[in-house]
Amino acid sequence: MSGRPTLIGEDGLRHDNRRPDELRSIKMEVGVLKNADGSALVEFGNTKVIAAVYGPREPPAKYMLSPEKAIVRCRYHMAPFSTAERKSPAPSRREIELSKVIREALESAIFTELFPRSAIDIFIEVLQADGGTRTAGLTAASLALADAGIPMRDLIAAVAVGKIDGVIVLDIDELEDEYGEADMPVGMMPSLNQVVLLQLNGVMTREEFDAAMNLAVKGIFEVYRLQKEALSKKYMLYIEE
Amino acid sequence: MSGRPTLIGEDGLRHDNRRPDELRSIKMEVGVLKNADGSALVEFGNTKVIAAVYGPREPPAKYMLSPEKAIVRCRYHMAPFSTAERKSPAPSRREIELSKVIREALESAIFTELFPRSAIDIFIEVLQADGGTRTAGLTAASLALADAGIPMRDLIAAVAVGKIDGVIVLDIDELEDEYGEADMPVGMMPSLNQVVLLQLNGVMTREEFDAAMNLAVKGIFEVYRLQKEALSKKYMLYIEE
Amino acid sequence: MSGRPTLIGEDGLRHDNRRPDELRSIKMEVGVLKNADGSALVEFGNTKVIAAVYGPREPPAKYMLSPEKAIVRCRYHMAPFSTAERKSPAPSRREIELSKVIREALESAIFTELFPRSAIDIFIEVLQADGGTRTAGLTAASLALADAGIPMRDLIAAVAVGKIDGVIVLDIDELEDEYGEADMPVGMMPSLNQVVLLQLNGVMTREEFDAAMNLAVKGIFEVYRLQKEALSKKYMLYIEE
Amino acid sequence: MSVTPIQPPIPKLKREAIVSALKKGARVDGRGFEDFRPITIELNPIPRRSNGSALVKLGNTSILVGVKISVERPFPDRPSEGVLQVHAEFVPLASPSFEPGPPDENAVEVARVIDRCLRESKSIDLGELVIVPGKYSWSIYNDIYLLDHDGNVTDASTLASMAALNVARLPKLVSVENDQVKIDYGTMDKQLPVKLNVVTVTLVKIGGYILLDPNLDEEILAEAKVTVGIDSGGRIVGIQKSGGGLSVSELNYAVDTAIKKSRELLTLLEKALKTV
Amino acid sequence: MSVTPIQPPIPKLKREAIVSALKKGARVDGRGFEDFRPITIELNPIPRRSNGSALVKLGNTSILVGVKISVERPFPDRPSEGVLQVHAEFVPLASPSFEPGPPDENAVEVARVIDRCLRESKSIDLGELVIVPGKYSWSIYNDIYLLDHDGNVTDASTLASMAALNVARLPKLVSVENDQVKIDYGTMDKQLPVKLNVVTVTLVKIGGYILLDPNLDEEILAEAKVTVGIDSGGRIVGIQKSGGGLSVSELNYAVDTAIKKSRELLTLLEKALKTV
Amino acid sequence: MSVTPIQPPIPKLKREAIVSALKKGARVDGRGFEDFRPITIELNPIPRRSNGSALVKLGNTSILVGVKISVERPFPDRPSEGVLQVHAEFVPLASPSFEPGPPDENAVEVARVIDRCLRESKSIDLGELVIVPGKYSWSIYNDIYLLDHDGNVTDASTLASMAALNVARLPKLVSVENDQVKIDYGTMDKQLPVKLNVVTVTLVKIGGYILLDPNLDEEILAEAKVTVGIDSGGRIVGIQKSGGGLSVSELNYAVDTAIKKSRELLTLLEKALKTV
């Protein structure tokens, strides 16, 4: 409305006083839902995402199942109150695309061959969107899968990097996404050095892409550490009980 | 448009000269359709509703059937020309809700356990709407079920009571619904003293609720009498033939 | 915009200099797609239509199959860029109707009884619409069926005749359709003297209908000749290879 | 996508009865080849909510048409005309083979055929329905509701539509001032400008015989069907062939028969309308 | 179309345990017939994107409500009022038996029952929400999101809606000039005009016993269910019976119990709101 | 909801042939790992109805793009810009595994990836497409139509889109007066403001090998796929990875290869455009 905001101040800090390579405050909690076989709540700053896993199971509705492996069904969905303007509940083209790339990322981590003729269902609900919802959603879904006891090659940790005012920054929020030059969500199985989600929306030189990827990897390892903490917190408490 | 109309005159009569406890002119006819297994046309004043029953049968499309009982499928639907403004043929949220409450009312009367692995289909079409369409529809559907020879615990008779200008009245029409304080449709299996449909849209005190329920029961027994007359009319004529 | 154009000039010729009984320039090519079992591209002047046939096959999605014959599935569809105003991809009522009449026309020509429990799928895409798209589509679909090796009683050849400025004309285009008095698409199995598609949109006297039908038959035999040429061109080239 | 319908098969005995009757020049319900079933027309069965309505029974086929009229913006390419829309719903009440859902191809086809017959014949003078050019005109919704399906829905629907349009009345136009229109939707005023009546006549071909007004069994058995729209001036105002093929001479016979038999329907309609 | 739901059967042992406990005047989770499950209300869990929000847990049932407010054109027949819309989504996250898709009849019913209770009681004074009559008014979207389903979604949803509406704030109205409205959606300003609070109380009948606040097992077993809306003045502001039949005296008992127990919910709500 | 697609299995022999060829540094169709299939670009195959169009064949994959341009209201948050919309339809004509229906996730993904590459690179200067700010601007619809599917739909679609946008012409703007715009849609006038060209380059990983421009068999066998958008300035203007994982070094290799090979596509495109 009143023109483009300053994204990087003279002190080199971002609009919310973060350094370029600094994550937002991150919260993770595993096992937050009663009905789901696995669940997790993940917050990156004001972004708040919940994920639930059901399965392996026979799908409630009829789908073509595979005799060789579990099929994965995944929905990334935004609550009507999660966005600046109220979001219609009908799936948008954006949600259709993100459901696909998240599904493919998760599918590469799950040992689906262990569960032929069954379905693993992953439901991600964005409760509050402030940038990085797909990476927060992927991170939460991976935790929910672990919580459901579904064997995975590795957890998936994810974060978005971006380019704002020419600077490569970690974990961009919605304001930075809107006014910045590039947004690059990245998801990895960190221990296996496998990038399982990668999109670039924006313009970068070859060198900037290198810098962005390096910064993403750095952030991802931090997210990965927090994931493991959240899991051990739940399961250690169980042991203590 | 030109302000709220007078609902109860100085003589205590309603805008159409009815007493508070007076039903509109009611017409019922059973067996009005050739293809349906059972059918009925019911009019309450200007409200005109037709109901058809198919079944018990294998449903034309695939539905999950039950090995223990017949499933009931019910649609309450308004013709495009039945309302003040032309109604779009797509089902409205109101029609979805009313289909459910009518289905549940009918289901409580049908001996569904006699017809496992089958479907009983009930289609209600509102041809002209002037208040009380759901109760007229339920009344018609119950007649259509009887006409189809489907065993029931009792007929269901229904009527809406309301509160207008503070007075509890029987069988409210659309004008009274629009400008009144409360609309309470009630459906019963009269001989079994079972209320199978009850909604209150509006505000009542505890005492008014009592008065409204008592008036509803009174009206329902009158509707019940007319239902039995309509049925015996059709079936006695058959015997005479 | 600037009033009704002159459809028949003082020289008796049409706006594009054709005589009343003259076809537009027609192109036909068979086997234009790699994946389809049969395909054809047909142009009548600026009208450009492509058709593909898959089958006989098990349908990809579940449909009720017949134990006695192949079912025929047919879609007539317009590309968004094919019309004067961009067409929404959702099927219009017009496309639903035309899919039906084209399906019925094709079905009368195919020996469906040879392929019980299977489906024959015919997809017609209008790439550019300038009048006569249904007849061009039917002509192309019939070629695609032949190309797919599906046994037919005869090819179907089709063309639209019309009445403009009181004159019966052959192969009307969109301008003539819009400003003329009648449009009459006709499809035939020419060797069998069977009219398999016939619609009249407009007003004609009994005598005009006779004249229109006669002109249509004349045009259809010319289209039929071109179809056979197109088929022999493809299959003779194969033999030469 | 249009898909071959899987019809419930007609029992062999019934089928044979129909065909062998035809060979003797008769139909199983006693009609001759060119006879309509009994027809009744009830006018204005929906007086409170529709601007005009009619219930037509053609044998056991039952059609209710309601006409609703409101003020809307005219189409940008026809700023000086009212709008006529014909829709049809085949509600599941009407047949054991219908399911709830948006109109299927059969309902769409019936509505579009009737729409074209009314439109091309200029039966309703849409030019008289403009109020303020480019801004306000009357929109006429002619909704066809199939209540009981025993074949030949089209002819019954055309008849019911034409009857409903004839008895329909516009809401009262209270005032037009400064591009503001006031309508009293509660008061019925002038009639619609119906300039001529249109009927459709449908014939089927079974085993080489051409029959008028098929019932449902005959429709299912039919190799081909053709509907011809005829106006009160005897002009052909629309044709729709469906099903399989017909020879040119069979078509000519069908068209001639339709023109001839249209008089009966038109007379019936006019007689019914005189009772208003 | 509404179709009999095919429920996953409750294991026989569980069913017998529930019923035999009832015969002893108890419920398997230790509650009395008229006890609610533990209730928690969290206010404003969605502070950045919603104008007001609340997370309510009723036992294991978990409901998140977000309220969004924007300026829109009022309905033509209510030019001097704001608009309140209640929607509910039963997302597949919340139960193994839910599938993605548009709201099913259960979600529609919950939303409509709550919508009517709020509207009929005049809980929110919509008349205060007009900005320029006929042109601009505040539209309130109350979106109910079911996160975990263990029965009695309606009462939890009403409570969460009421809490969210109480804490909601309108965006800042910067200026109204020449029929142009300027809104600063980033700044939260005045509260909504909540005139009175409304709660719903739901009871079910199992084997002749009437129970308050059913959990999911009890709902599946229930022969009948009734929800009663009560406002802070003790008036009945809505009723919705679902499932099977109830006698008039059972209904009276349910209504009396609902009125009595509504005080607990209202007190709880008021207490929670005081913490803001 | 996105669901694991059940692919028709590739026959074992074919699979083995593909993989064993790769081990020898070759592909079954004779290409090297970094070779495109033969490419043809036909300009303006839809001259009468589209403002610009192109038919691209990439091996046996065939894509038709039509561009339609009309005057519409600009988006409220971008009052001084035209609108560019990219849509893709995978019509059932193009593959035995496609069914009619709204665009599936694959069609949505292709359209959105290309949309982002065009938008983020500022290939079309939307600022030049405003007519009256806030009221009228040119809307560009770039419709991608897949006619024959043999893999790598994205690269063929980007090329066809870029070609069609380059040859597209705006309808003639006759006059702008008093907030009224007159357009002559029948006359083609100025070109679109195309500031730079964009192509995409897609690579897949099979058995550890990275291959350019996969055909359909290779796509089905692929463990992972990545598409990189490159503009005529050599900048990266978009990336989309799909399928399974890739190491960072594999990604770097893919990006380097994409940048290198993008020159071939850009040269081809420029050559084709010179023929106009």
Side-chain angles (χ1 to χ4, degrees), chain C residues 1 59 63-66 68-77 91 93-94 96-105 107-109 112 119-123 153 156 181-184 186-189 192-206 208-210 213-214 216-217, chain D residues 1-7 9 76-77 85-88 102-113 115-117 119-123 198 223-231 233-252 254-256 258-260:
Chain C
M1 225 173 266
Y63 278 88
M64 262 206 274
L65 294 178
S66 159
E68 284 157 33
K69 56 177 185 176
I71 61 163
V72 175
R73 308 193 305 156
C74 176
R75 188 174 84 144
Y76 163 96
H77 188 246
R93 281 158 45 103
R94 182 179 169 276
I96 290 170
E97 183 197 351
L98 295 195
S99 295
K100 176 180 183 286
V101 296
I102 293 173
R103 196 239 324 138
E104 291 178 329
E107 202 158 357
S108 71
T112 55
I120 295 169
D121 295 345
I122 300 153
F123 302 116
R153 292 173 175 80
I156 294 174
E181 298 104 65
D183 164 37
M184 187 169 101
V186 185
M188 289 183 78
M189 293 192 282
L192 303 175
N193 181 30
Q194 287 287 300
V195 177
V196 293
L197 181 139
L198 173 66
Q199 295 179 293
L200 167 63
N201 316 321
V203 174
M204 283 189 183
T205 63
R206 181 65 183 86
E208 287 168 339
F209 172 71
D210 258 342
M213 185 58 87
N214 288 337
V217 171
Chain D
M1 193 159 56
S2 176
V3 181
T4 309
I6 303 294
Q7 302 277 8
D77 54 339
Q85 287 200 37
V86 178
H87 295 276
D104 77 341
E105 62 180 28
N106 297 300
V108 167
E109 186 182 30
V110 165
R112 284 178 54 84
V113 167
D115 187 296
R116 288 196 295 261
C117 287
R119 192 177 303 278
E120 298 285 351
S121 66
K122 299 191 171 43
S123 168
V198 167
E223 294 119 44
K225 182 163 91 167
V226 64
T227 295
V228 185
I230 310 287
D231 70 13
R235 298 179 307 168
I236 309 170
V237 299
I239 300 180
Q240 182 89 343
K241 194 204 74 54
S242 56
L246 291 168
S247 70
V248 172
S249 61
E250 286 170 336
L251 276 169
N252 282 332
V255 169
D256 287 336
I259 293 176
K260 184 176 70 183

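Letters A, B, ... are given to chains in the order of the sequence lines, protein chains preceding strands, and every chain is numbered from 1.
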How would you list, by chain and number, every residue that makes a side-chain hydrogen bond (donor to acceptor under 3.5 Å, both in side chains) with C:Glu104, sequence neighbours excluded?
C:Lys100

Okay, C:Phe123 and chain D: the region with an atom under 4.5 Å from a heavy atom over there is side chain

For each of D:Asn252, D:Asp104, D:Ile259, tally heavy-atom pairs with chain C at distances under 4.5 Å, and name the one with the top tally.
D:Asn252

Taking D:Arg235, D:Arg119, D:Glu223, D:Glu105 one by one, which has the highest count of heavy-atom pairs under 4.5 Å against chain C?
D:Glu105

In short, C:Ile156 meets C:Ala105 closest at the heavy-atom pair CD1-O, 3.3 Å

Residue pair D:Thr4 / C:Lys69: nearest heavy atoms and the distance that separates them
CG2-NZ, 4.0 Å

If every non-hydrogen atom of C:Cys74 is compared with every non-hydrogen atom of C:Ile102, which pair is closest and at what distance?
SG-CG2, 3.9 Å

Bottom line for C:Glu107: the part with an atom under 4.5 Å from chain D's heavy atoms is side chain

Looking at chain C, which one of D:Leu251, D:Val226, D:Asp256 has the largest number of heavy-atom pairs inside 4.5 Å, strictly under?
D:Asp256

Please evaluate residues C:Val203 and C:Glu181 with respect to the criterion side-chain contact (heavy atoms from CB on, under 4.5 Å), reporting the C-alpha separation (whole Å), side-chain torsions for both, the decisive distance (0.1 Å), and the verdict.
CA-CA 6 Å; C:Val203 174; C:Glu181 298 104 65; over 6 Å; no

Highest number of heavy-atom pairs under 4.5 Å with chain D among C:Arg94, C:Glu208, C:Met188 belongs to C:Arg94

Which answer fits C:Val195, side chain, backbone, both or neither, if we ask what part of it has an atom under 4.5 Å from a heavy atom of chain D?
both

